[in-house]
Amino acid sequence: MAKTKTSKSESTSSKVASAAAKVLKSKTASKEEKSVAASALTQKGSNETTSAKVAATAAKVLRSKTASKEAKSAAASALTQKTRKAAAA
């Protein structure tokens with residue numbers, strides 16, 4: 001069984017949380033951008049980690065040429081907080 005490793009020092013900063021809130025309020029943000037922003041906001045002040053599905057969406061947002069600076073900031077934060085599989089001991 002694979003173990004998961006999370007970093008206790010990783011959480012969404014106030015600056016990124018503000019950017020994520022702007023994305024959620026945006027009328028032009030895509031469904032993917034809003035999903036990633038919601039994940040980043042959920043992780044503000046908590047030990048929650050990013051799921052594999054949201055991490056894949058975050059990577060897509062980062063590669064997007066049309067995503068806003070705020071959406072990319074939220075995506076980067078979400079990817080930083082993805083659960084990593086630890087090596088089997």
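L41 forms part of a hydrophobic cluster together with L24, judged by ILVMFWY side-chain heavy-atom separations under 4.5 Å.
What you find for A75 and L62 is that their closest heavy atoms are CB-CG, 3.9 Å. Of all non-hydrogen atoms in V16 and S73, the two that sit nearest each other are CG2-OG, 3.6 Å. In terms of heavy atoms, S68 sits closest to V23 at OG-CG2, 4.3 Å.
Counting non-hydrogen atoms of neighbouring residues, nucleotides and ligands closer than 6.0 angstrom, the NZ atom of K44 exceeds 12 such neighbours. Other residues, nucleotides and ligands contribute over 12 non-hydrogen atoms within 6.0 Å of the NZ atom of K34.
Here K60 contributes atom NZ and S30 contributes atom OG; the two are 7.5 Å apart, rounded to the nearest 0.5 Å. Separation of atoms CD (E70) and NZ (K25) is listed at 12.0 Å; rounding is to 0.5 Å.
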(message) What verdict does the side chain to side chain contact (heavy atoms under 4.5 Å, CB included) test give for S11 and E48, after you've listed the backbone C-alpha separation in whole Å, the side-chain angles of each residue and the deciding distance to 0.1 Å?
(response) CA-CA 8 Å; S11 66; E48 295 288 325; over 6 Å; no

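For T50, the side chain to side chain contact (heavy atoms under 4.5 Å, CB included) partners are S39, Q43, V54, A55, A78, Q81, K82, not counting sequence neighbours.
Put simply, the side chain of S18 never gets that close to the backbone of S14: no donor and acceptor are under 3.5 Å apart.
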